[in-house]
Amino acid sequence: MRIRFWLLDASYEMVGGVPEVRLWGIDGEGRRIVLLDRSFRPYIYVLPEEGAEERVLRRIASLSGRYGIIGTDIVSRKYFGKPVNAIKVTLISPRVVPDLREAVAKLEGVREVLEADIRFYMRYMIDKGVRPCGWHEVEVEEVANDWGWRVDKVYFARDAPRYLGHEDPPELRVYAFDIECYNPLGEPNPERDPVIVIAVKRLGETKVFTAEGKEDRSALAAFVKDLIEADPDVIVGYNSNHFDWPYLLERGKVHGVKLDVSRGGGEPAPSVYGHYSVVGRANVDLYDFAEEIHEVKVKTLENVADYLGVKKKSERVLIEGHRIHEYWDDLGKRPLLVRYAVDDVESTYGLAEKFLPFAIQLSNIVGLPLDQVGAASVGNRVEWHLMRAAYEYGELIPNKVERPYEPYKGAIVLKPLPGIHRNVAVLDFSSMYPNLMIKYNVSPDTYVPPEEVADPASVNVAPEVGHAFRREPPGFYRVVLERLLEARREVREKMRGLDPSSPEYRVLDERQKALKVVANATYGYCGWVGARWYKREVAEATTAWGRETIMRTIELARKLGLRIVYGDTDSIFVVYDPPRVDKLVETINRELNLDIKVDKVYVKVFFTEAKKRYCGLLEDGRVDVVGLEAVRGDWAEIAKDVQEKVIELILRKDDVAEAVNFVRRVIDDLRAYRVPLEKLIIWKSLGKSLEEYEVEAAHVAAAKRLMESGYKVLKGGKVGFVVVKGSGKLAERAVPYVLLKDVKELDVDYYIRKQVVPAALRILGYFGVREAQLLESPQRTLLDFFGG
DNA sequence: ACTAGGCGGGG
DNA sequence: GTGTACGCCTAGT
């Protein structure tokens, strides 16, 4: 019998002494299935020293019995592009691989042991061309569900699954959950504090399980029962890998309640990249995807849901985390806490609808299972994509090696022409670094050390740095990047014929975004010292060619009579003259064989003296703010608001006087404590743990005060503080806003002189406005006095 | 008056 | 644990 299935999750177990790969999925009729394959065996590669093949082979053979080796074959592969003979050592059990690796590495004549650190089910998927979040077909035999797995069908594979494609993903059953914990002592402790509310949501239904007083055993059990009954394909939470799951599991231990919610039996288990694995389902922590939204500074669930239009903050219950226990203890307020949990779980479910389509495409492209792809770092995503490509390309996968950090030169940023410019076009190279790597065949396997360059005509030599790369054959990075960019072109081509509101269009759009993300991240990856395919020369040559490209573009633009006002990395800003710009685009296309296009046109754009800081009014009326305080997360909201308003008045109305008066009014409000506390909080993140700091910065001092008050402050966390009156350093006056007792303690003068005034002057200074002017009294209108 | 540490956002 | 360039704050000398 032949079936089609869409792959959701992969796992393996040893059964009767052999490894059994389990592919959990959904078939063409919507049945949940598991496919068992016992035919695959783990292997590693041994790279012998020159001429040592036979010797090493014999030595490995002598280890056979001890390690369960069932095959040793000499195979031809490539290693950094060079043909090599490697010994492929096949064995029975994946569990023995680490030991075998160590034993073999010690043998005389062994240069390197490769691919001994690849998880067994990943190895299976790579070798069989099986892809998560994609359709496959396979010849099967149905078998009895002896273990009581939570699936409709259990099959034995009679041959290898054949990958069909990623189109038409099935309808997934999504289950969102969120817990609230009793926390009278600040941070809740799972050994002591009960889970008081568990809110869950699936399609069309929201439920709440609550503790009885401080007794949460039955709530826990009811949650487990509900989850099993819902039988979701995807379980989503917000920060669930780092809070909800570990907390629930601890509570389960306290009560002896097993959180046996997987499809194969068993609890969620800590796994790679810090995620929890629920066998047969995809456990996705949406926080991983929210992290990539840079527009939201403090990535709480309510902020992210608000930003994405999933649930407005104004239309939901908000409770400060440290007050949750008060709402539980006060029976009158308990319904509010329940509503809060429901708002949270509805937000989580809404985020799943926003993020999952992208996550699914990313998973399919890089080959990591859906539950891992979000948790994996960018570097790991790129690397898995490369590892898959390496297999197809006959290239051995290099080991991870520890290397010292080596800095190298990056891109060019032009000095802006300060002031206001009208009608400015921004010209952008599309995917500049990937295209340069393709164009010049930049790759670790095409790199030719200086002493080995025999024929200068056969290599591309990078400007400034002089690194040489063979023109032919195509390097590994070229092959991979060409494939990605080509796939993206095809997807975008298909999108053209579709209705943008159709589900098909949405899927394709998410796919093209994922393809772009992976292509663009590949350059950063190649310059990361932790990368398997790291090569400093590759990264260094790529940026050198980037600098050359932008400089030649500037030259060409000038020759065409275009006036350049700014440029950064892969873009130039020119006074828009359509015929000349068209000519430039065409010339670059022809002479550099690269694609540049008009990305946007500013009706007006304003530059200060500083690079990477400007603002502009777009043709459609929107205002872009780049790099300025208004868009930075480490300035008080009041300063950001003021700057944004000043920018609007300058760009839209050319009204300096009105802008000045606006700033004066805000200063006046500050002096009278008429500004809400939220607008005075300064958020900064902790780049390291508190002990590691060399200087006592304000946010570090504030974090220490938080710690003393019983809050947990971790590396990577954000600290919100306000500045209070007093003498001495800022650090001595930085108080966590949650600990502020009276707003009258606030140092409004600090906010005026160090926040509002500098932010306003960054713009207004260019128009001759000085600090003293801003500090004068505002002209108040009647409206201001009578509740305007 | 100066440098260094620290941070965040940009391309 | 993707890269470098950049500006600007405060601490510290």
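Within every chain, numbering begins at 1; the chains are lettered A, B, ... in the order of the sequence lines, protein sequences first and strands thereafter. These numbers come from a predicted model, not from an experiment.
Side-chain atoms of A:R733 do not come within 3.5 Å of backbone N or O of A:V723 as any donor-acceptor pair. Of the possible polar contacts, one joining the A:D747 side chain to the A:D749 backbone as a donor-acceptor pair under 3.5 Å is found.
Proximity note for A:K688 (side chain, C-beta onward) versus C:dA5, B:dG6, C:dC8: the nearest is B:dG6. In the set B:dC7, C:dA5, C:dT2, C:dT2 carries the atom at the smallest distance from any side-chain atom of A:W528. When the nucleotides C:dA5, B:dC7, B:dG9 are ranked by their closest atom to the side chain of A:V631, B:dG9 comes out on top.
Enclosure of atom NZ in A:K604 by more than 12 non-hydrogen atoms of other residues, nucleotides or ligands within 6.0 angstrom is indicated. For NZ of A:K415, the number of neighbouring non-hydrogen atoms (other residues, nucleotides, ligands) closer than 6.0 Å is 12 at most. The environment of A:K754 atom NZ is sparse: at most 12 non-hydrogen atoms of other residues, nucleotides or ligands sit within 6.0 angstrom. The local environment of CD in A:E745 is crowded, with over 12 non-hydrogen atoms from other residues, nucleotides or ligands closer than 6.0 Å.
Residues of residues 602-618 of chain A that place a heavy atom closer than 4.0 Å to DNA chain B, in numerical order, are A:K612, A:Y614.
A:A539 comes within 4.0 angstrom of nothing in the nucleic acid, heavy atoms only. Counting non-hydrogen atoms under 4.0 angstrom, A:V382 reaches nothing in the nucleic acid. Contacts of A:G410 with the nucleic acid, taken as non-hydrogen atoms under 4.0 Å apart, involve only primed sugar atoms and P, OP1 or OP2. The residue A:T522 sits apart from the nucleic acid: no heavy atom pair falls under 4.0 Å. No contact: A:G530 has no heavy atom under 4.0 Å from any strand.
If you measure from atom CD of A:E629 to atom P of B:dG10, you get 12 Å, rounded to the nearest angstrom. Per the geometry, CD belonging to A:E692 stands 14 Å off C1' belonging to B:dG5, to the nearest Å. Between the NZ atom of A:K640 and the P atom of B:dG8 there is a distance of 12 Å, rounded to whole Å. The distance between atom CG of A:D288 and atom P of C:dG1, rounded to the nearest whole Å, is 10 Å. Per the geometry, OH belonging to A:Y408 stands 13 Å off P belonging to C:dT2, to the nearest Å. Counting to the nearest Å, the C1' atom of C:dC6 and the OH atom of A:Y566 are 9 Å from each other. The nearest whole Å value for the distance from the OH atom in A:Y693 to the P atom in C:dC9 is 19 Å. Look at NZ on A:K718: it is 11 Å from P on B:dC7, rounded to the nearest Å.
Note on A:Y405: a side-chain N or O is less than 4.0 Å away from OP1 or OP2 of C:dT4. Between A:S377 and the phosphate of C:dT2, there is a side-chain N or O to OP1/OP2 separation shorter than 4.0 Å. Side-chain nitrogen and oxygen atoms of A:R762 include at least one within less than 4.0 Å of the OP1 or OP2 phosphate oxygen of C:dC9. For C:dA5, the OP1/OP2 oxygens have no side-chain nitrogen or oxygen of A:T569 closer than 4.0 Å. Put simply, A:H699 has no side-chain N or O that comes within less than 4.0 Å of OP1 or OP2 on B:dG6.
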>> Working note: A:Y440 + A:F469, criterion ring pair (Phe, Tyr, Trp, His ring centres under 6.0 Å); need CA distance, chi angles, decisive distance, verdict.
In response: CA-CA 7 Å; A:Y440 296 108; A:F469 299 89; 9.3 Å; no

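In the model, A:E629 has a side-chain atom that pairs as donor or acceptor with a side-chain atom of A:Q643 under 3.5 Å. Side chains of A:N283 and A:H275: a donor-acceptor N/O pair is absent below 3.5 angstrom, by distance only.
When every heavy atom of A:K611 is checked against every heavy atom of A:V413, the shortest pair comes out as NZ-O, 3.0 Å.
A:E292 pairs in a salt bridge (charged side-chain N to carboxylate O under 4.0 Å, His left out) with only one of the listed residues (A:R381, A:K513, A:K354), which is A:R381.
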Between protein and nucleotides 10-13 of chain C, what N or O pairs are separated by less than 3.5 Å?
residue	atom	partner	partner atom	Å
C:dA11	OP1	A:L730	N	3.2
C:dA11	OP1	A:A731	N	3.0
C:dG12	OP2	A:K729	NZ	2.8

